[in-house]
Amino acid sequence: MKHLVSSWCNDRSLPESYILPPEKRPGKLTVPLANNIPVIDLGGHDQTDIIQQIFEASQEFGFFQVINHGVPSNIMDEAMSVFKEFHALSGKDKAIETSKDPNKSCFIYTSSANYETEKFHLWRDALIHHCNPLEKCIQFWPEQPPRYREVVGPYTAEVRKLGFRILEFISQGLGISLGGLVGIQTLVVNHYPPCPDPSLTLGLGKHMDPVFINILLQSDVHGLQVFKDEEWIGVEPIPNAFVVNIGYPLQIISNGKLKGAEHRVVTNSNVARTTASYFLSPSNETLIEPVKSLVDASHPALYKSLPYKDFLIKYVAASTDSKALEEALSTTV
């Protein structure tokens, strides 16, 4: 774990391998906050109105925030606290805590899964582990900090319920069923330490998530930015809210009706930022293709059909080149 940014970032200036090419650097660090990104109250009684709000947000932005979502605030706060405690462990301890499963369902890495081959690195460490079925997965989760499992178990159970609820709203908006397509459920806890020069690097580069939806616990530190109308806008942290974004597979399945949101993470020179993403993804053999009920003579299929595992291969091969990925998957190129 010698490469983990959190293990050495306080002792050095920004290494050359973290300095991105000029065209990929964040540029101006201050961007407008996206006050127009929808904030949807899931506690309302008008389900039809909630479905409409989610559907419109998913069409225009691919991003929205949810409040009154049913996940208790104390569970959210305790989870964020223990996520920060985990990333404060030594590199050696983190290596021990993520090496319990011989199948490597729980692991930690820095920058990206392609660290050894990538030309430029990203300023982040990431813990990832599977969450479902919980009773099977939890035995491989970290045991340090001591309360990790007892806190994160209930948290993931609550966020899972929220995720399926949101997918059901999206399903009703599209007139199709999505819940039965979910196979893989993972938690990714990203940690972005203070960075010597945030103008030269990124925590995460511009990308669309390769999942159905991402339910993000953002914490109170700015860093998430969405690309819309050819400019970057910041997603303001709202206390006790989750950020929800649409992933590329859902854009394909909806035949382009929904928008996979391109986003990135900028770093901060003064404070660390920790976030937790709960990913709802297809199973490996699920066919990722436009749903037939959304395809007709007036709306031809925009994307090819392929198993999710093959989609992931193309996704990784294209790296952060969204144009190359679109060309690999589109039927119209």
Side-chain angles (χ1 to χ4, degrees), residues 1 4-7 42-43 65-110 124-167 179 182-193 211-221 237-244 271-281:
M1 291 299 153
L4 291 178
V5 176
S6 54
S7 298
L42 298 185
Q65 300 205 55
V66 292
I67 58 174
N68 296 323
H69 40 64
V71 182
S73 59
N74 65 307
I75 288 182
M76 298 170 67
D77 292 342
E78 289 176 4
M80 179 54 68
S81 176
V82 84
F83 293 147
K84 291 178 179 179
E85 288 177 34
F86 173 83
H87 277 292
L89 295 173
S90 69
K92 180 180 178 181
D93 286 341
K94 281 183 271 199
I96 292 171
E97 294 305 318
T98 56
S99 59
K100 296 177 170 62
D101 182 9
N103 294 318
K104 301 187 184 303
S105 66
C106 175
F107 57 97
I108 189 167
Y109 61 92
T110 193
R124 70 143 181 178
D125 297 333
L127 165 69
I128 182 170
H129 58 67
H130 289 257
C131 298
N132 190 67
L134 181 59
E135 61 276 7
K136 178 181 178 181
C137 298
I138 199 170
Q139 62 183 310
F140 302 121
W141 291 4
E143 294 178 277
Q144 298 292 329
R147 61 196 187 105
Y148 188 93
R149 294 181 181 182
E150 68 179 74
V151 169
V152 180
Y155 171 79
T156 58
E158 290 288 342
V159 179
R160 179 180 186 273
K161 287 190 294 186
L162 172 62
F164 275 93
R165 185 181 174 201
I166 292 171
L167 270 185
V182 175
I184 305 168
Q185 298 166 49
T186 51
L187 183 73
V188 180
V189 184
N190 285 316
H191 183 68
Y192 310 94
V211 301
F212 282 149
I213 57 172
N214 172 11
I215 302 174
L216 175 72
L217 181 61
Q218 190 178 192
S219 82
D220 57 353
V221 181
I238 298 175
N240 300 320
F242 285 102
V243 180
V244 180
V271 295
R273 180 172 180 265
T274 302
T275 66
S277 288
Y278 192 90
F279 291 143
L280 292 172
S281 309

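Keep in mind it's a predicted model, so treat the numbers as computed, not measured. In this chain, numbering begins with 1 at the start of the sequence shown.
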What is the distance from atom [atom1] of [X] to atom [atom2] of [Y], rounded to the nearest 0.5 Å?
{"X": "I238", "Y": "I67", "atom1": "CD1", "atom2": "CD1", "value": "7.0 Å"}
{"X": "I215", "Y": "L187", "atom1": "CD1", "atom2": "CG", "value": "11.0 Å"}
{"X": "S277", "Y": "Q218", "atom1": "OG", "atom2": "CD", "value": "10.0 Å"}
{"X": "H87", "Y": "L127", "atom1": "NE2", "atom2": "CG", "value": "5.5 Å"}
{"X": "I213", "Y": "L280", "atom1": "CD1", "atom2": "CG", "value": "5.0 Å"}
{"X": "N132", "Y": "R160", "atom1": "CG", "atom2": "CZ", "value": "4.5 Å"}

Applying side-chain contact (heavy atoms from CB on, under 4.5 Å), can you list everything that pairs with [X], at least two apart in sequence or on another chain?
{"X": "I184", "answer": "H130, T186, S281, N284, Y308"}
{"X": "S90", "answer": "K92, D93"}
{"X": "V221", "answer": "S219, N268, V271, R273"}
{"X": "R149", "answer": "K100, I138, W141, E143"}

Could you check if a side-chain atom of [X] sits within less than 4.5 angstrom of a side-chain atom of [Y], using non-hydrogen atoms only?
{"X": "V189", "Y": "F86", "value": "no"}
{"X": "V82", "Y": "Y155", "value": "no"}
{"X": "S6", "Y": "P193", "value": "yes"}
{"X": "V159", "Y": "F242", "value": "yes"}
{"X": "T275", "Y": "F83", "value": "no"}
{"X": "Q144", "Y": "P146", "value": "yes"}

How close do [X] and [Y] get, counting heavy atoms only, and between which atoms?
{"X": "P154", "Y": "V151", "value": "CD-O, 3.3 Å"}
{"X": "L42", "Y": "H69", "value": "CD1-CB, 4.0 Å"}
{"X": "F107", "Y": "T98", "value": "CA-CB, 3.8 Å"}
{"X": "S7", "Y": "G91", "value": "OG-CA, 4.0 Å"}

Going by the rule side chain to side chain donor-acceptor pair (under 3.5 Å), which residues pair with [X] if we only count those two or more places apart in sequence or in a different chain?
{"X": "R124", "value": "Y109, N190"}
{"X": "T274", "value": "H191"}
{"X": "S105", "value": "D101"}
{"X": "Y278", "value": "Q185"}

(request) Sequence neighbours left out, what passes ring pair (Phe, Tyr, Trp, His ring centres under 6.0 Å) with F212? Give chain and number order. (result)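 Checked F212 against ring pair (Phe, Tyr, Trp, His ring centres under 6.0 Å); zero matches.
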
(request) Please identify each residue that fulfils ring pair (Phe, Tyr, Trp, His ring centres under 6.0 Å) with Y148, with sequence neighbours left out. (result)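 Ring pair (Phe, Tyr, Trp, His ring centres under 6.0 Å) list for Y148, sorted by chain: H129.
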
(request) Not counting sequence neighbours, list each pair that qualifies as a salt bridge (charged side-chain N to carboxylate O under 4.0 Å, His left out) and has a residue in residues 74-85. (result)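 For residues 74-85, and leaving out neighbouring residues, the salt bridge (charged side-chain N to carboxylate O under 4.0 Å, His left out) pairs sorted by first residue read E85-R147.
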
(request) Apply salt bridge (Lys or Arg N to Asp or Glu O under 4.0 Å) to K161 and list each qualifying residue two or more places apart in sequence or on a separate chain. (result)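 Residues passing salt bridge (Lys or Arg N to Asp or Glu O under 4.0 Å) with K161: E158.
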
